Amino acid sequence: MATSLQPLPNSRTDADGSAVIRVLSYNIRSMRDDTDALARVIAACAPDLVLLQEAPRLFRWRKKLTRLAAASGLVLLSGGATAAGPALLCSLRATVERTEDVLLPLTPGQHRRGLSTAVVRFGGARVGVLSCHLSLRPDERHEQAGLLLDRLEALGVTHGVAGGDLNERPGGRTFRRLGDGLRDCWTAEPWGREYTFPATEPDRRIDAVFVTEGIEVLGCGVPLGLPGVAEADLRAATDHLPVLTALRVPASAT
C-alpha cells in the first residue's frame with residue numbers, strides 16, 4: 001500500500017534567474033503496455049523534462065512519441081529511433097537551443113545503443129540534458145559510461161543532467177564511473193521509493209538521474225504515493241518504475 005509523499009517543490013523561475021525544474025527518467029518498453037496509464041503517470045509527475053528509454057523505434061515511432069507527449073501535456077524534444085531508443089520530452093517552459101542524437105559504437109551481436117541530448121533554458125538557467133540506456137554487457141556498459149560523460153561535457157554548458165536505464169545496480173563498476181564524474185541524485189537527496197525494477201515487485205535500482213556539481217538536488221526517487229500517481233498505473237504502464245527528481249539549477253553566465 002502506497003503512503004502519501006511529501007510533495008516535491010513545484011517548477012518555478014526565481015528572481016535571480018535560477019530555476020526549479022522536475023526531471024523524470026522512465027523506461028517505457030516501446031509503449032507495448034498500457035499507454036493511457038503511462039501518460040497519466042507522466043502527467044501526474046508534472047515534469048519539465050522527461051528522459052525516456054526504450055522509446056518506439058519502428059513503424060510510426062515518431063507519431064507514437066508525439067501522441068504520448070501530447071497526452072502528458074508535453075512536447076517531443078528529441079530522440080526515438082534516431083537515438084536507438086532514448087528520447088526527450090519537455091514542457092512548454094523550456095526554451096530549446098539545440099538537440100543532437102548520437103549512436104554509440106555497435107558491438108557485433110548486441111543491440112544498437114545511443115544517446116538523446118539537448119541544451120535548454122528555463123528562465124536564466126541553461127542546462128544540458130542527456131537520456132541513455134546502457135548495455136547489458138558489463139564491458140560495453142562501462143565503455144558507454146565514458147562516452148556518456150564525454151558527450152555531456154561536449155554540450156558545452158556548466159550545468160548538466162543525465163539519466164536513464166543503467167542496467168546496473170549501485171556499487172557496480174559503471175555506476176561508480178558515473179558517480180565519480182557526476183552526483184547520483186538518489187544518494188544526494190532520497191525521496192519516495194528507491195527500487196525501480198521490476199515494476200510489479202521492485203527489488204533493485206537500475207534507473208538513475210545524475211547531475212553536475214552546482215545543481216542542488218531537492219529530492220529524487222520513485223514517485224509511489226505522489227498525489228495523482230496510482231500504484232495500478234505504475235504497474236500497468238511498463239516494466240520499470242520512473243525516477244522523479246526536483247532540481248534547482250543556477251542562472252547561467254552565458
Side-chain angles (χ1 to χ4, degrees), residues 11 13 17-28 42 45-57 61-62 64-70 72-104 113-134 144-145 147-166 178 181-183 185 207-212 214-215 242-254:
S11 303
T13 302
S18 65
V20 172
I21 63 172
R22 288 187 176 196
V23 178
L24 187 72
S25 183
Y26 210 173
N27 182 317
I28 61 173
I42 295 173
C45 290
D48 298 289
L49 292 167
V50 181
L51 285 53
L52 298 177
Q53 301 86 47
E54 290 194 41
R57 293 181 294 170
W61 64 270
R62 195 182 302 274
K64 292 175 183 177
L65 272 178
T66 301
R67 285 177 174 171
L68 175 63
S72 308
L74 303 167
V75 295
L76 175 59
L77 177 56
S78 183
T82 51
L88 299 170
L89 311 181
C90 67
S91 72
L92 294 178
R93 288 187 68 217
T95 299
V96 181
E97 288 192 10
R98 66 180 187 272
T99 65
E100 183 179 6
D101 297 325
V102 180
L103 294 176
L104 298 177
R113 304 283 176 172
L115 308 171
S116 185
T117 76
V119 176
V120 297
R121 285 183 179 269
F122 297 93
R126 186 169 179 250
V127 61
V129 57
L130 180 153
S131 177
C132 70
H133 186 186
L134 302 186
Q144 289 170 353
L147 296 173
L148 182 161
L149 293 170
D150 290 344
R151 179 59 55 174
L152 193 62
E153 183 177 4
L155 291 177
V157 295
T158 303
H159 305 299
V161 179
D165 179 354
L166 306 184
L178 293 174
L182 304 169
R183 295 172 65 216
C185 292
D207 305 86
V209 176
F210 294 84
V211 294
T212 55
I215 294 180
V243 179
L244 179 61
T245 306
L247 306 169
R248 178 178 285 110
V249 184
S252 302
T254 56

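These figures come from a predicted structure and were not determined experimentally.
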* Asked: Got a sec, which residues hit side chain to side chain donor-acceptor pair (under 3.5 Å) with Thr13, two or more places apart in sequence or on another chain?
  -> Arg93
* **Which residues share a ring-ring contact (aromatic ring centres under 6.0 Å, His included) with Phe210, sequence neighbours left out** => Phe175
* State the CG-CG distance between Leu89 and Leu51, to the nearest 0.5 angstrom. => 9.0 Å
* To do: Walk me through it: do Arg62 and Thr66 pass the test side-chain contact (heavy atoms from CB on, under 4.5 Å)?
  => CA-CA 6 Å; Arg62 195 182 302 274; Thr66 301; 4.2 Å; yes
* Distance from Tyr26 atom OH to Ser72 atom OG, nearest 0.5 Å? -> 10.0 Å
Scan the side chains in residues 158-166 for donor-acceptor partners under 3.5 Å anywhere in the protein, sequence neighbours excluded, and list what turns up.
from, atom 1, to, atom 2, distance (Å)
Asp165, OD1, Asn167, N, 3.0
Asp165, OD2, Asn27, ND2, 2.9
Asp165, OD2, His133, NE2, 3.1

* Asked: To the nearest 0.5 Å, what is the distance between CG (Leu76) and NZ (Lys64)?
  -> 14.0 Å
* Taking side chain to side chain donor-acceptor pair (under 3.5 Å) as the test, write out the residues that go with Thr245, two or more places apart. => none
* **Minimum-distance pair of heavy atoms, taken over all atoms of Gly114 and Ala84** => N-CB, 4.1 Å
* Can you check side-chain contact (heavy atoms from CB on, under 4.5 Å) on Cys90 and Val120, steps first, answer last? -> CA-CA 9 Å; Cys90 67; Val120 297; 5.8 Å; no
* Structure fact -> Taking every heavy atom of Ala19 against every heavy atom of Ala125, the minimum-distance pair comes out as CB-CB, 3.9 Å
* Residues Leu24, Leu52; criterion side-chain contact (heavy atoms from CB on, under 4.5 Å); working and verdict -> CA-CA 8 Å; Leu24 187 72; Leu52 298 177; over 6 Å; no
* Side-chain contact test, heavy atoms from C-beta onward, threshold under 4.5 Å: evaluate it for Leu49 versus Pro47 and give yes or no. => no
* Between atom CG of Leu244 and atom SG of Cys45, what is the distance when rounded to the nearest 0.5 Å? -> 5.0 Å
* Contacts of type side chain to side chain donor-acceptor pair (under 3.5 Å), residue Gln53, not counting sequence neighbours -> Ser25, Ser131
* Between Asp101 and Thr117, does any side-chain donor sit less than 3.5 Å from a side-chain acceptor? -> no
* To do: Looking only at non-hydrogen atoms, find the nearest pair between Pro56 and Trp61 and report the distance.
  => O-CB, 3.3 Å
* Sequence neighbours excluded, which residues qualify as side chain to side chain donor-acceptor pair (under 3.5 Å) partners of Arg248? -> Glu216
* Check whether any side-chain heavy atom of Arg121 lies under 4.5 Å from a side-chain heavy atom of Val96, and answer yes or no. => no
* Asked: Side chains of Leu247 and Cys185: closer than 4.5 Å at any heavy-atom pair?
  -> yes
* Asked: Looking at Val50, Leu65, Leu77, which hits side chain to side chain contact (heavy atoms under 4.5 Å, CB included) with Leu88?
  -> Leu77
* To do: Could you pull out the closest heavy-atom pair between Ala87 and Ala55, with the gap in Å?
  => CB-CB, 3.9 Å
* Spatial distance of atom CG (Leu104) from atom CG (Leu115) [nearest 0.5 Å] -> 4.5 Å
* **Heavy-atom closest pair, residues Val20 and Asp48** => O-OD2, 4.2 Å
* Asked: Given Ser18 and Val249, is the side-chain contact (heavy atoms from CB on, under 4.5 Å) satisfied, shown in steps?
  -> CA-CA 6 Å; Ser18 65; Val249 184; over 6 Å; no
* Could you tell me the separation between the CG atom of Leu148 and the CZ atom of Arg113, rounded to the nearest 0.5 Å? => 13.0 Å
* Residue among Leu178, Val211, Val209 satisfying side chain to side chain contact (heavy atoms under 4.5 Å, CB included) with Arg183 -> Val211
